[in-house]
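Only one structure is covered here, and it is reproduced in the block below.
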Amino acid sequence: MKRAYALVDCNNFYVSCERVFNPKLEGVPVVVLSNNDGCIVARSNEAKAIPIPFAVPAFQCRETFRKHKVRVLSSNYTLYADMSRRVMDTLREFAYDMEVYSIDEAFLSLVGLEKERRGEFCSFLRKTVRQWTGIPVSIGIGETKTLAKVASKVAKKSDEGVFDIIDYPYADNVLEGMDVSDIWGVGPAYTKFLYRYGITTALALKKAPEPLVRKKMGVMGVRTVRELNGRSCFWIEPPQTKRKGILSSKSFGRPVESLKELNEAAATYVTRAVEKLRSQRSVASVFMVFILTNRFKEDYYSNSYLCRLPAPSAYTPDFIRAAQSAMKRIYKPGKKYKKVGVFIADIVPDDSIQMAVFEPGSYNTKRQELMAVVDRINEQWGSNVVDYAATGVKKGWRMRRRMCSPQFTTNWDELPEAS
DNA sequence: TCTGGGGTCCTAGGACCC
DNA sequence: TCTGGGGTCCTAGGACCC
């Protein structure tokens with residue numbers, strides 16, 4: 001039986017989430033900004049039509065926003081994560097095999113379905129997701145994941161919202177009309193290289209000589225080319241429960257100069273990262289602390305320090321202490337810092353450290369229990385109900401979110417009101 | 001004034017071993 | 001004159017994704 005994959009892709013996801021709870025946003029141009037109200041990360045179709053480009057800094061578009069009465073929103077990831085869960089739960093009800101690929105995309109296996117059934121099934125999914133969650137989706141169907149991605153781009157522009165490229169007689173025309181940079185796995189660097197060799201369309205990449213691709217794009221490139229030719233190299237992946245690295249960092253709402261505030265921010269991000277570490281039942285003994293000034297300005301400065309704990313741990317105070325002594329080493333006075341971050345590598349499961357639990361300073365049972373209590377309280381009563389003094393009180397450096405919508409679905413105090 | 005955050009995988013090169 | 005070679009592991013960096 002022929003393989004078939006569907007890619008379900010939410011349309012303008014963040015904008016669609018906002019519209020579910022604020023109908024006034026329907027039919028007008030809407031954009032959603034990244035953290036710290038920095039760049040444009042989502043646009044409604046009306047905003048795309050103006051046109052407003054993707055990923056540009058918001059301050060560069062101020063004039064366009066004003067002229068076209070664009071509704072500008074800060075991102076509300078709590079809301080988007082919850083809406084994503086609803087969409088994925090809906091798909092899971094009907095999927096035979098499924099992979100949540102990102103916050104707004106999922107791959108489904110359609111193996112065993114005939115062509116007409118595939119289309120019917122996907123139209124049904126599309127209608128059901130819309131009814132149950134309010135989120136519009138497009139669905140592309142292909143023999144490989146890469147081709148399903150291609151098909152979803154076509155689906156997005158069609159009225160039906162579903163496009164099946166398997167056995168489609170004009171499939172090569174579709175590929176010919178698609179820029180090579182639109183292919184999954186082809187980013188800016190590879191696009192530049194491919195253009196140099198005259199490979200500018202998806203069809204040209206499909207026919208590109210394998211040795212050349214192998215040499216310049218590695219095995220991933222070869223796999224992409226094979227997938228364009230209908231040979232599967234990527235399959236439905238089981239859910240990834242354990243991260244290999246945990247990064248927590250954010251830009252400041254304003255430049256920060258004092259060591260005190262940098263320490264607070266570092267403690268805040270360490271706390272978040274170690275929380276994530278515990279939530280996946282892991283420990284670590286190595287992590288990196290880094291600081292950066294504004295990279296778009298002269299005098300750019302960045303530095304980092306690798307902290308080593310005496311033993312693998314997920315005890316937050318251990319990490320905070322180490323982070324602050326690291327900060328002392330990398331801090332240079334007189335700089336305007338833009339960002340602090342923490343990266344935990346070297347992650348191992350927490351059941352692999354039993355040998356060390358009786359040594360002093362280790363992640364022993366008592367400390368594990370204390371952390372478990374803190375996590376439970378924060379989960380039940382809201383994060384940061386129990387917090388560490390080192391994370392600061394004023395937190396004047398916190399990121400900007402000037403135009404954020406309420407936590408409609410996850411906070412009792414902010415439920416939408418019907419009138 | 002204002003330029004995101006959080007991940008993955010692959011590869012080349014060096015260290016080290018026999 | 002002649003100065004091994006192959007394997008493994010680790011790391012940093014670069015590419016990609018959303």
Side-chain angles (χ1 to χ4, degrees), chain A residues 7-14 31-42 53-63 65 72-78 80-81 84 99-107 145-146 149 152 180-194 213-224 227 233-234 237 239-255 265 269 272-273 276-277 280 286 288 290 292-297 300 304 306 336 338-347 398-404:
Chain A
L7 176 68
V8 181
D9 193 347
C10 300
N11 300 343
N12 315 329
F13 183 55
Y14 299 164
V31 300
V32 176
L33 307 183
S34 63
N35 277 317
N36 223 24
D37 295 341
C39 296
I40 294 164
V41 290
F54 180 71
V56 300
F59 74 87
Q60 288 176 4
C61 300
R62 201 118 305 159
E63 197 45 33
F65 291 162
V72 182
L73 297 164
S74 301
S75 46
N76 182 348
Y77 283 101
T78 313
Y80 310 150
S84 172
E99 171 189 344
V100 175
Y101 177 68
S102 73
I103 194 165
D104 69 339
E105 285 170 80
F107 286 105
K145 281 179 156 183
T146 304
K149 278 266 194 186
S152 84
V180 73
S181 63
D182 286 331
I183 297 300
W184 193 39
V186 180
Y190 292 159
T191 300
K192 216 172 142 197
F193 147 74
L194 290 168
V213 172
R214 174 78 186 81
K215 187 148 169 262
K216 295 289 187 171
M217 299 168 66
V219 295
M220 297 303 276
V222 172
R223 286 180 192 152
T224 296
E227 286 240 325
C233 297
F234 306 116
E237 301 282 349
Q240 180 73 6
T241 52
K242 303 229 171 180
R243 307 249 159 265
K244 291 164 187 169
I246 296 175
L247 176 72
S248 180
S249 79
K250 261 179 203 67
S251 299
F252 300 128
R254 56 159 168 81
Y269 302 139
R272 293 231 22 236
K276 278 196 203 169
L277 187 65
Q280 65 165 49
V286 178
M288 190 174 78
F290 58 92
L292 294 79
T293 63
N294 190 332
R295 67 177 196 275
F296 296 99
K297 294 208 166 131
Y300 174 66
S304 65
L306 205 61
K336 290 187 191 320
K338 185 68 191 142
K339 188 186 213 175
V340 159
V342 172
F343 181 72
I344 305 181
D346 227 40
I347 296 174
R398 259 197 308 226
M399 71 167 173
R400 277 191 306 271
R401 285 165 95 194
R402 293 203 190 111
M403 301 145 290
C404 193

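None of the values given here were measured: they were computed from a predicted structure.
Among the atoms of the strands shown, none is found under 4.0 Å from any heavy atom of A:Asp37. Nucleic acid contact for A:Lys339: sugar-phosphate only, since backbone atoms but no base atoms lie under 4.0 Å from a heavy atom of the residue. Across all strands shown, A:Gln240 has no heavy atoms under 4.0 Å from either base or sugar-phosphate atoms. Residue contacts for A:Lys215: at a heavy-atom cut-off of 4.0 Å it reaches no nucleic acid atom on any strand shown. Nucleic acid contact for A:Ser248: sugar-phosphate only, since backbone atoms but no base atoms lie under 4.0 Å from a heavy atom of the residue. Within 4.0 Å (heavy atoms only), A:Lys276 reaches sugar-phosphate atoms of the nucleic acid but no base atom. In this structure, A:Arg402 reaches neither bases nor backbone, as no heavy-atom distance under 4.0 Å exists between it and the strands shown. Nucleic acid contact class of A:Leu33 (heavy atoms, under 4.0 Å, all strands): none. At the heavy-atom level, A:Arg243 lies under 4.0 Å from the strands shown only through sugar-phosphate atoms. No contact: A:Ile40 has no heavy atom under 4.0 Å from any strand. Within the 4.0 angstrom heavy-atom criterion, no nucleotide atom of any strand lies near A:Val56.
Scanning for side-chain hydrogen bond (donor to acceptor under 3.5 Å, both in side chains) contacts around A:Arg398 gives an empty result, with sequence neighbours left out. Partners of A:Asn35 by side-chain hydrogen bond (donor to acceptor under 3.5 Å, both in side chains), not counting sequence neighbours: none found. Every residue two or more places apart in sequence or in another chain that forms a ring pair (Phe, Tyr, Trp, His ring centres under 6.0 Å) with A:Phe107 is listed here: A:Tyr101, A:Trp184. With sequence neighbours excluded, the residues that form a side chain to side chain contact (heavy atoms under 4.5 Å, CB included) with A:Ser249 are A:Phe290, A:Lys339. With sequence neighbours left out, the side chain to side chain contact (heavy atoms under 4.5 Å, CB included) criterion links A:Cys39 to A:Ser34. For A:Arg272, the side chain to side chain contact (heavy atoms under 4.5 Å, CB included) partners at least two apart in sequence or on another chain are A:Ser248, A:Lys250, A:Lys276. By the side-chain hydrogen bond (donor to acceptor under 3.5 Å, both in side chains) test, A:Thr146 is found to be paired with A:Glu227, residues two or more places apart in sequence or in another chain being considered. For A:Tyr14, the ring pair (Phe, Tyr, Trp, His ring centres under 6.0 Å) criterion is met by A:Tyr77, A:Tyr80, not counting sequence neighbours. Contacts of A:Asn294 classified as side-chain hydrogen bond (donor to acceptor under 3.5 Å, both in side chains), with partners at least two apart in sequence or in another chain: none.
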Pairing string of DNA chain C (Watson-Crick or G-U wobble, both atom distances under 3.5 Å; | = paired to other strand) is ....||||||||||||||
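At distances below 3.5 Å, at least one donor-acceptor pair connects side-chain atoms of A:Gln240 with backbone N or O atoms of A:Lys242. A donor-acceptor pair under 3.5 Å is formed between the side chain of A:Asn36 and the backbone N or O of A:Phe252.
On the nucleic acid side, DNA chain C contacts chain A at distances under 4.0 Å to non-hydrogen atoms, with the end points of that region at C:dA15 to C:dC18.
Between A:Glu105 and A:Lys149 a salt bridge is recorded (basic side-chain N to carboxylate O distance below 4.0 Å).
Map A:Asn35 and A:Pro255 each onto its nearest nucleotide of DNA chain B; the residue landing nearer the 5' end is A:Pro255. In terms of position along DNA chain B, the nucleotide closest to A:Arg295 lies nearer the 5' end than the nucleotide closest to the other residue of the pair A:Gly245 and A:Arg295.
With both ends at atom P, the span from B:dC17 to C:dT3 equals 25 Å, rounded to whole Å.
Of all the residues in residues 187-194 of chain A, not one reaches under 4.0 Å from DNA chain B with any non-hydrogen atom.
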